[in-house]
Amino acid sequence: MSVAELNAVARAMVAPGKGILAADESSPTIKKRFDLISLESTEDARRSYREMLFAAPGVAEQISGVILFDETLRQSASDGTPFPNYLDQLGIIPGIKVDKGAKPLAGFPGETITEGLDGLRDRLNEYHELGARFAKWRAVIDIGTNIPSAFGISANAHALARYAALCQEAGIVPIVEPEVLMDGAHDIERCEEVTNRVLTATFEQLEAHRVALEGMILKPNMVISGKKCPTQASVQAVAEATVRCLTANVPEGVPGIAFLSGGQSDVDATAHLNAMNQLGPHPWELSFSYGRALQAPALKAWGGQAENYGAGQQAFSLRAKLNGLARTGSYDAAMEPAA
Ligand code: 13P
């Protein structure tokens, strides 16, 4: 596939007013989400839950693509249509998570390396046959005493770039996701310093691996205070620091940046994206690729009960709409339903 074709898919993924739903929770992760609503994680419960989201009325107006887990890519909607075709018919691009998770990095206590490169070429070819047009690989960088190390950052950047090059060879747009976690007690300045180092290393490796920047999407964390930091930076401060960090590191050839939510509340994730788009215009689209921040209210409203199917869909549609508005900076907190 040519770079122009990859670029067309990448641009569709971050089309104006739209963003991506990350619904690619691995089996252990979706079990954790279902535990919150005391629902057993059976194959059919996972299938029904994902169908509830995909079938939410009107959602294709704001959702350009969905990242699926391997199991979901091979499942079908209740009418028998395989999910990739089902999404395609709605005008939503199917994508696939291809990494095999972050594992301890030998010799570097507290740091991880994402696995999944062996056999990836064959898996990508199969995923393309099954209908996937983009993929995701997540590198995880934790902030703590003496971590991340320069080696940990560079090993993860190297793996991200190898993955991205293989995706493009297979005609699949890579979502390159280097996630700096927000779990610690660090302040926003430390997050900015680490995110700068991570993005610098990531783009060095992408260039070294001859990845076409026009045919990829970056999925970074926002520059934000650690969850346990006593002083939480304001929405405006997060927006300014994040845009500053991206401007310093992301070449203009990259069509779009689609943020992860990383444990932010649904409302915070929308407010931050909105504030960043208000600082525009930017050389790239600033969009979303949220998992928890799109799904949490839907999961809660549904609660695993068939009679709440419509309520779950409504909750999801609302988050999709509000994030769609945040794409142009036209969201307002007053649009949130009363608590
Ligand atoms: P969150 O938005 O919940 O961080 O999930 C996005 C994602 O795909 C993480 O890899």
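Both counts, for ligands and for their atoms, begin at 1 and track the order of listing. Keep in mind it's a predicted model, so treat the numbers as computed, not measured.
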Numbering as shown, the atoms of ligand 1 that approach [X] to under 4.0 Å (heavy-atom distance):
X    : result
Y290 : 2 (O)
K136 : 7 (C), 8 (O), 9 (C), 10 (O)
R138 : 9 (C), 10 (O)
G291 : 1 (P), 2 (O), 3 (O), 5 (O), 6 (C)
G262 : 1 (P), 2 (O), 4 (O)
S289 : 6 (C)

Could you tell me the residue and atom name of the protein heavy atom closest to [atom], and the distance to it rounded to 0.1 Å?
atom                   : value
atom 9 (C) of ligand 1 : E177 OE2, 3.3 Å
atom 2 (O) of ligand 1 : S261 OG, 2.5 Å
atom 7 (C) of ligand 1 : K219 NZ, 3.1 Å

What about the rings of [X] and [Y], do their centers lie closer together than 6.0 Å?
X    : Y    : result
F54  : F83  : yes
F259 : Y290 : no
Y309 : W302 : no

*Are T195 and N221 linked by a side-chain donor-acceptor pair shorter than 3.5 Å?*
yes
*Determine whether the side chains of Q89 and T81 contain a donor N or O and an acceptor N or O closer than 3.5 Å.*
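No pair is found: no donor N or O on one side chain lies under 3.5 Å from an acceptor on the other.
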_Can you pull out every salt bridge (Lys or Arg N to Asp or Glu O under 4.0 Å) where at least one residue sits in residues 310-334? Sequence neighbours excluded, please._
D266-R319, E285-R327, R319-E336
*asked:* Contact between ligand 1 and A269 is defined here as a heavy atom of the residue under 4.0 Å from a ligand atom; is it met?
replied: no
*Could you tell me whether ligand 1 has any atom less than 4.0 Å away from a heavy atom of A293?*
no
_Tell me the closest heavy-atom pair linking L206 and M216, and the distance in Å._
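Closest heavy-atom pair between L206 and M216: CD1-SD, 3.7 Å.
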*Could you tell me which non-hydrogen atom of S317 sits nearest to which non-hydrogen atom of P57, and how far apart they are?*
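Taking S317 first and P57 second, the nearest heavy atoms are OG-O, 3.7 Å.
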*State whether the side chain of E43 and the backbone N or O of Q75 hold a donor-acceptor pair below 3.5 Å, judged by distance alone.*
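It does not hold such a pair.
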_Test of understanding: given a 4.0 Å heavy-atom threshold, classify the contact between R292 and ligand 1 as side chain, backbone, both, or neither._
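Within the 4.0 Å criterion, R292 contacts ligand 1 through backbone and side-chain atoms alike.
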*Please confirm whether A22 comes within less than 3.5 Å of ligand 1 when only nitrogen or oxygen atoms on both sides are compared.*
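No; the residue has no nitrogen or oxygen that sits under 3.5 Å from a nitrogen or oxygen of the ligand.
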